[in-house]
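Read through the structure below, which is laid out as structure tokens, and then see the notes.
No hydrogens, no waters, no symmetry mates; every other heavy atom, side chains included, goes into these values.
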Amino acid sequence: MTQSRVQRSLDLYGKADRLIPGRTQLISRRASSFAHPISPIYAAHAKGSRFTDVDGNEYIDWVNAVTAIILGHADDVVDAAVKAQIDKGSLYSLNSPLEVELAEILVDTIPSAEMVRYTKGGGEACAVAVRIARGTTGKDKVLFSGYHGWHDWYQSANYLADPETDEFPFAGIEPIGVPRALAGTALPFTYGDLDSLEQLFAEHKGEIAAVMMEAMRSEPPPPGYLEAVKEMCHANDALFILDEVSSGWRLSLGSAQEWLGVTPDMSTFAKSMSNGYAMGCVVGSRAAMEPAARMFVSSSYWSEAVGLAASVATITELKRRDGPVRFKEIGEKVKAALQGAIDAVGVKASVTGVHTLPTLVFDLPDPALKKPIETLFIQEMVKRGVFCHMTFTATLAHTDEDIAITAAAAAESLEVVKRGLAGELDSLLEAETQREPFRRLVR
């Protein structure tokens, strides 16, 4: 039997099956999210734009911990700040002055920030934001669009559909373990559809505490849409919350809200704000946030200083390195390089999306081919040392050489895809068809 080039990854994954329910801590890191068993599953170390798996194979990384890495893996400046903080201690009996320093930076940088609360992750930040919104407004129900984590308030929405039909508001997640008593407290609406949102406000008049939504993902919202949502919220005495856990920091230093020119009542951040260290926050207006002083919102590790130090260093470096300008330069180069590969091969595809999230989209004759063809592309890219989904999220560490190597790998991979579309798919596809862990409700 031929030894796999990722055999150590496969062996560890087998052990994890016996020791860890679900094998991984983040659903998006499951092997089924990539091209199993061709893609690596475990990394040994990472630096800059690349990582090395436990079998010693090096890859250019376009996933970057699901956007958590923004400056580049193991950034020297951030890591130096973290190491210096570790020498001073990571968690005190008292509060860290870094709490105040970072809060001042956030208030100075993010349009919606007048007050700040910290967390250690994005889902936790969303849960805190919902708690604050309910406490501030005295109302219970939340309207949402997009993905906002694993906590009960959000997952309870999937009790609204029949599990037998798999028609959940967000596909791929079952509300196992979520109290059924929460059914009807979180209600989904369709992104871009103001009529459906207005109808929900009418049906639940006087009961809506907040609307929580992702501002955008790969495409900007329709003109005036977010402004209209905000106006509808305020007309119904509800708070307007933008989840910027994924959209934060790249488009603008003030994040998507600044780039789009819409200021919410509250916002949630995590991932990129600390370049891979555990950190998150909820920011908002004084009117929305101040009542939290009287709510029980508390955790020992929200004062932990390593994440605080990492965030101060990361945001400072994003400003010093002109992050948004560089991301536009890098992103446009990535889009052009990928489109060049598509044009050279002659396959029906295009590169869509804003420069911070270039996305390769195939124009397929049959929608049923989407996942097998995308898996084939991911499979062939990883065989050529490029780790990606169909989206390519850059860091400031990505170079012109990385982009050129990626484009060459894409051209070769698209040649294989072309053969697959011509009838050779079954013989070319070595991996299991990729399964997305869930579907977002925003473009």
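Other residues, nucleotides and ligands contribute only 12 or fewer heavy atoms inside 6.0 Å of the CD atom of E198. The 12-atom threshold is not exceeded at CG of D426, counting heavy atoms of other residues, nucleotides or ligands nearer than 6.0 Å. Counting non-hydrogen atoms of other residues, nucleotides and ligands closer than 6.0 Å to CZ of R320 gives a total above 12. Within 6.0 Å of CD in E231 there are 12 or fewer heavy atoms belonging to other residues, nucleotides or ligands.
Classification of D17 and R23 as a salt-bridged pair holds, one side-chain N sitting under 4.0 Å from a carboxylate O. Electrostatic pairing of R384 and E380 counts as a salt bridge here, judged by a charged N lying under 4.0 Å from a carboxylate O. At a threshold of 4.0 Å, the pair E317-R321 counts as salt-bridged, since one of the basic side-chain nitrogens sits closer than that to a carboxylate oxygen. Taking 4.0 Å as the cut-off between side-chain N and carboxylate O, D400 and K333 count as a salt-bridged pair. Under the 4.0 Å criterion applied to side-chain N and carboxylate O atoms, E424 and R419 are assigned as salt-bridge partners.
In this structure, the separation between CG on L197 and SG on C233 is 6.5 Å, given to the nearest 0.5 Å. Note that CD1 of I241 and CE of M212 are 4.5 Å apart. Values are rounded to the nearest 0.5 Å.
Shown are E203, M232, K141; of these, the side chain to side chain contact (heavy atoms under 4.5 Å, CB included) with I208 is made only by K141.
When ring centroids are compared, F269 and W249 come within the 6.0 Å threshold.
D322 places no side-chain N or O within 3.5 Å of a backbone atom of V325 that could act as its donor or acceptor partner. Checked by atom type and distance alone, the side chain of H204 never pairs as donor or acceptor with a backbone atom of F201 at under 3.5 Å. Of the possible polar contacts, one joining the S285 side chain to the A288 backbone as a donor-acceptor pair under 3.5 Å is found. The closest donor-acceptor contact from the side chain of H151 to the backbone of H148 lies at 3.5 Å or more, if one exists at all. At least one donor-acceptor pair under 3.5 Å links the side chain of Y191 to the backbone N or O of A215.
Nearest heavy atom pair, residue P372 against residue T433, reads N-CG2, 3.8 Å. Residues L102 and S311 share a closest heavy-atom pair of CD2-CB, 3.8 Å. Here the closest non-hydrogen pair linking S96 and A305 is OG-CB, 4.2 Å. Of all the heavy atoms in C126 and D243, the pair that sits closest is SG-OD2, 3.4 Å. Residues S39 and F387 share a closest heavy-atom pair of CB-CE1, 4.5 Å. Considering all non-hydrogen atoms of both residues, P324 and L251 come closest at CB-O, 3.7 Å.
Looking at T393 and N64, their side chains never bring a donor and an acceptor atom within 3.5 Å of each other. For the residue pair K319/T109, the side-chain donor-acceptor check at 3.5 Å is satisfied. Inspection of the Q434 and S32 side chains reveals no N or O donor paired with an N or O acceptor under 3.5 Å. Side chain to side chain, S267 and S112 meet the donor-acceptor criterion of an N or O pair below 3.5 Å. Using a 3.5 Å distance cut-off with no hydrogens or angles, the side chains of H73 and N275 do not pair a donor with an acceptor. Remark: the S247 side chain and the E244 side chain contain an N/O donor-acceptor pair separated by less than 3.5 Å. For the residue pair Q339/D343, the side-chain donor-acceptor check at 3.5 Å is satisfied. In this structure, a donor-acceptor pair under 3.5 Å is present between the side chains of S49 and D402. W150 and E124 share no donor-acceptor pair across their side chains, judged by distance under 3.5 Å alone. Between the side chains of D53 and Y42, not a single donor N or O lies within less than 3.5 Å of an accepting N or O.
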(request) Please step through side-chain contact (heavy atoms from CB on, under 4.5 Å) for the pair Y13 and T24, ending with a clear verdict. (result) CA-CA 9 Å; Y13 205 52; T24 65; 4.0 Å; yes
(request) Starting from the C-alpha separation in whole Å, work towards a yes-or-no answer on ring-ring contact (aromatic ring centres under 6.0 Å, His included) for F144 and F189. (result) CA-CA 6 Å; F144 73 87; F189 65 93; 7.5 Å; no
(request) Mind running side-chain contact (heavy atoms from CB on, under 4.5 Å) on L160 and L187 for me, showing each step along the way? (result) CA-CA 8 Å; L160 300 177; L187 307 165; 3.9 Å; yes
(request) Check the pair E207, K139 against salt bridge (charged side-chain N to carboxylate O under 4.0 Å, His left out), reporting the backbone distance first and the verdict last. (result) CA-CA 5 Å; E207 300 178 297; K139 295 183 281 188; over 6 Å; no
(request) List the steps, then state whether side chain to side chain donor-acceptor pair (under 3.5 Å) holds for H234 with D265. (result) CA-CA 10 Å; H234 290 178; D265 299 302; 2.9 Å; yes
(message) Show, in sequence, the C-alpha distance, side-chain angles and deciding distance for F240 and V262, and conclude whether the side-chain contact (heavy atoms from CB on, under 4.5 Å) test is met.
(response) CA-CA 11 Å; F240 177 46; V262 180; 3.9 Å; yes
(message) Evaluate I373 against L425 for side-chain contact (heavy atoms from CB on, under 4.5 Å), listing each step before the verdict.
(response) CA-CA 8 Å; I373 288 296; L425 182 58; 3.9 Å; yes
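Residues V334 and W62 meet the side-chain proximity criterion, which asks for heavy atoms closer than 4.5 Å. Side-chain contact between S298 and F296 is present, with heavy atoms from C-beta onward closer than 4.5 Å. In this structure, K271 and T67 have side chains that are in contact, with non-hydrogen atoms separated by less than 4.5 Å. Put simply, the side chain of L376 reaches to within 4.5 Å of the side chain of V416, judged on heavy atoms. Contact annotation: the side chain of V245 never approaches that of E214 to less than 4.5 Å [non-hydrogen atoms, C-beta and beyond].
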